[in-house]
Each structure stands twice: as structure tokens, then as C-alpha cells.
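For the numbers below, each heavy atom of this structure counts, side chains included, while hydrogens, waters and symmetry mates do not.
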Amino acid sequence: MFKPATAVVLLLSAASAVFGASFSDRAVSDVRTCGVSISEEKKAAAEAHFHANFVPPPTALVAAATPTVSVYFHVISKDSTAAGGNIPDSQIASQISALNTHYASSGLAFALANTSRTVNAQWFAQVGPDSSLQTTMKRSLRKGGAAALNVYTVGFTSGSGEGLLGYSTFPSDYASDPTDDGVVILFSSLPGGSTANYNEGKTLTHEAGHWVGLYHTFQGGCTGSGDLVSDTPPEASSASGCPTGRDTCSGGGVDPIHNYMDYSYDSCMTGFTAGQGTRLASQLRTYRGISI
């Protein structure tokens, strides 16, 4: 489903939460859900804007070099400990490596440009989509232009972001609010993190998928234009775990549970489709000035 100007959120539902506790201290369920909805009218308007401003692919000679996205990591912690969100440089390096592995087939590369570290217990706990706290945080820390990926790691322990794994803006959002652009993720979802089933770095891969213009494989359900990618089979609802052979829509093939844009366990996610690669390339050219 096409969502033009608000964040996508990826939610790991919490069974209980205590203010100020680290994510690993909380009892959580094992299911991701998304709190985003969009009217067909807004979806149509967004798609019309994309087609009206579409930037065509470059020539073969121009496209020879692999474009590299500069990544600015902003580590938000409640204290100076790793358990409090102060993730080590080694985990960040592993996350960048994971991104490069996961996006290799798309022709896009990522390189760490800088890491900032901020101890702010309120930001760590309460930042969430559309909150004034996240606006303040991003305005204070964001670096670079439309082509720079800003990643903020937080705890999501309370407030509007309670229980989230992550959320992101879309390429088409940038022009209207540049400082809001970027991805916010749970610090313990990085490779080697403490969030069971979601600690291989694929939360950032998923959210970066929205940042490059992709939508959930299950958006739109079994009818309509879905995720606007022809080679991702229609899916009635998000997957949970790794339900091999799941087929919720008649025709089109089994559900794409192994796709990075579904809600399966990290261990179940294995790739993007060629169609998703085409779509993200056109979104990046049109809205971020990145040519693939």
C-alpha cells in the first residue's frame, strides 16, 4: 500500500511494560503488527505525484558505479551501558554489513558516515511516531540531505512508541519535512541484540525498505494494487514466525513470507524481488537524487 506523507511503524506488541525498563526486561508477544492505514484517495494522490515527477533510469554508462548511501547513526541511550541502549561500534559495523548484504541485489550500497551518542532517558523511552519528542530529537541530530540515511536507535519503552520495533519515512515525505526524514529502530534489534527472533539486523533492512520507497508485501490484501510491485504475490495479512507454504490469497502464488517487507522472523527473511529493486531504484531517482 502506498503511503505518502506519514511514517510506517513496525510494532512488536508488548504484553506488559514498565517505564524506564530496558526492552529485554519486558514481557512481549512474538508478533509484529503495523499501525498504519491510508485512504484510497491519499494512495491515488501519492501515486499520481510519483508518476508526474518520475525520473527515468540513467544510461548504462552513467549507471556503471554502485551508488553508496551515507548512513548517520544516532545512538540514544538512557545511560552509558550497552543494556541501556549505548550499543557498541562493533554492532553498528555489523548492521552496516548486514544492510550491504541484504541490498546487494538492488545495486545499492551503504557506508557509515558518522556515529553520534546521546544520553537522554526521555528520548530513549518515549520517542514515537508523530511525537514532539521525536521531532525535537531529529531536529537536534539529523545530518545530510535527501540522500543521507539517518538511523536513530532507541528503547521504545513507553509513550506513543511503546513496543515498536521501528518506523520510517518515505522518499516522497522529504520535501515537505526534511528534518523528519529517517528511520527509528529498537536498539536491541541490531545483529547480536537481545530481542529474540528480531536480532539479525533485519528490522533496519525492513525500515530502510520504506525509506527507499517500498511497502509491505501484505498491504492492500488480496485485492487492489497492493504494494505496487508485480512480482510479490498478494497476501491477505502479515506473516508471523515462518509459516512455510502459507497462501492467503487465491492465485498469484504462496505468500512472500521470506521477503524483507513482510513481518516474519528475521531468520525467515531472505531477500527482495526484482520488482522491488526496480521500484526502489525509481523512487530513489525521483525523490532522493540517487541513480541506480
Side-chain angles (χ1 to χ4, degrees), residues 1-13 29-54 102 105-106 129-130 164-173 183 198 202-203 205-266 268-287:
M1 178 169 60
F2 202 102
K3 187 173 188 297
T6 54
V8 164
V9 291
L10 189 60
L11 172 67
L12 183 60
S13 302
S29 75
D30 204 25
V31 178
R32 308 191 213 205
T33 57
C34 184
V36 172
S37 62
I38 184 172
S39 69
E40 285 301 308
E41 182 179 67
K42 287 184 178 180
K43 178 181 175 183
E47 188 67 1
H49 183 274
F50 172 49
H51 286 292
N53 292 276
F54 177 77
H102 303 159
S105 64
S106 73
D130 302 320
L164 294 179
L165 275 178
Y167 62 95
S168 176
T169 57
F170 287 103
S172 57
D173 298 331
V183 169
Y198 307 102
K202 292 175 183 176
T203 290
T205 297
H206 177 103
E207 297 303 340
H210 296 309
W211 187 83
V212 299
L214 300 180
Y215 294 87
H216 295 136
T217 53
F218 53 84
Q219 288 182 316
C222 297
T223 61
S225 56
D227 64 354
L228 304 173
V229 176
S230 61
D231 61 357
T232 55
E235 189 176 18
S237 60
S238 59
S240 177
C242 194
T244 302
R246 181 178 187 253
D247 190 358
T248 56
C249 297
S250 60
V254 297
D255 293 355
I257 65 165
H258 300 297
N259 196 281
Y260 291 134
M261 300 312 294
D262 205 341
Y263 275 6
S264 309
Y265 287 166
D266 277 15
C268 190
M269 293 178 167
T270 58
F272 295 112
T273 67
Q276 286 174 313
T278 298
R279 177 168 175 82
L280 74 83
S282 62
Q283 286 274 312
L284 289 175
R285 289 194 307 271
T286 300
Y287 293 114

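- The backbone N or O of I257 sits less than 3.5 Å from a side-chain atom of S264, completing a donor-acceptor pair.
- Rounded to the nearest 0.5 angstrom, L214 CG and L228 CG are separated by 10.5 Å.
- Under the ring pair (Phe, Tyr, Trp, His ring centres under 6.0 Å) criterion, the residue pairs touching residues 225-260 are H102-Y260, Y260-F272, with sequence neighbours excluded.
- At least one side-chain heavy atom of R246 sits less than 4.5 Å from a side-chain heavy atom of S237.
- The side chain to side chain donor-acceptor pair (under 3.5 Å) search around S230 returns none, not counting sequence neighbours.
- Side-chain atoms of T217 and P234, non-hydrogen and from C-beta on, never get closer than 4.5 Å to each other.
- Atom-to-atom distance recorded for T278:OG1 and Q283:CD is 12.0 Å, nearest 0.5 angstrom.
- The CZ atom of F170 lies 13.0 Å from the CH2 atom of W211; values are rounded to the nearest 0.5 Å.
- A 4.5 Å side-chain heavy-atom check between F54 and S282 finds at least one atom pair inside the cut-off.
- Residues F218 and S238 meet the side-chain proximity criterion, which asks for heavy atoms closer than 4.5 Å.
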Discussion item. Quick one, H216 with E235, criterion side chain to side chain contact (heavy atoms under 4.5 Å, CB included). Give me CA distance, side-chain angles, the key distance, then yes/no.
Written reply: CA-CA 10 Å; H216 295 136; E235 189 176 18; over 6 Å; no
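- Partner of Q276 under the side chain to side chain donor-acceptor pair (under 3.5 Å) criterion, out of N259, D227, T232: N259 alone.
- Between the D247 side chain and the D255 main chain, no donor and acceptor come within less than 3.5 Å of each other.
- Geometrically, R279 engages F50 in a cation-pi contact defined by less than 6.0 Å to the ring centre and at most 45° from the axis.
- Ring to ring, H210 and Y167 are not that close: their centroids are 6.0 angstrom or more apart.
- Expressed to the nearest 0.5 Å, how far OG1 of T286 lies from CG of N53 amounts to 7.5 Å.
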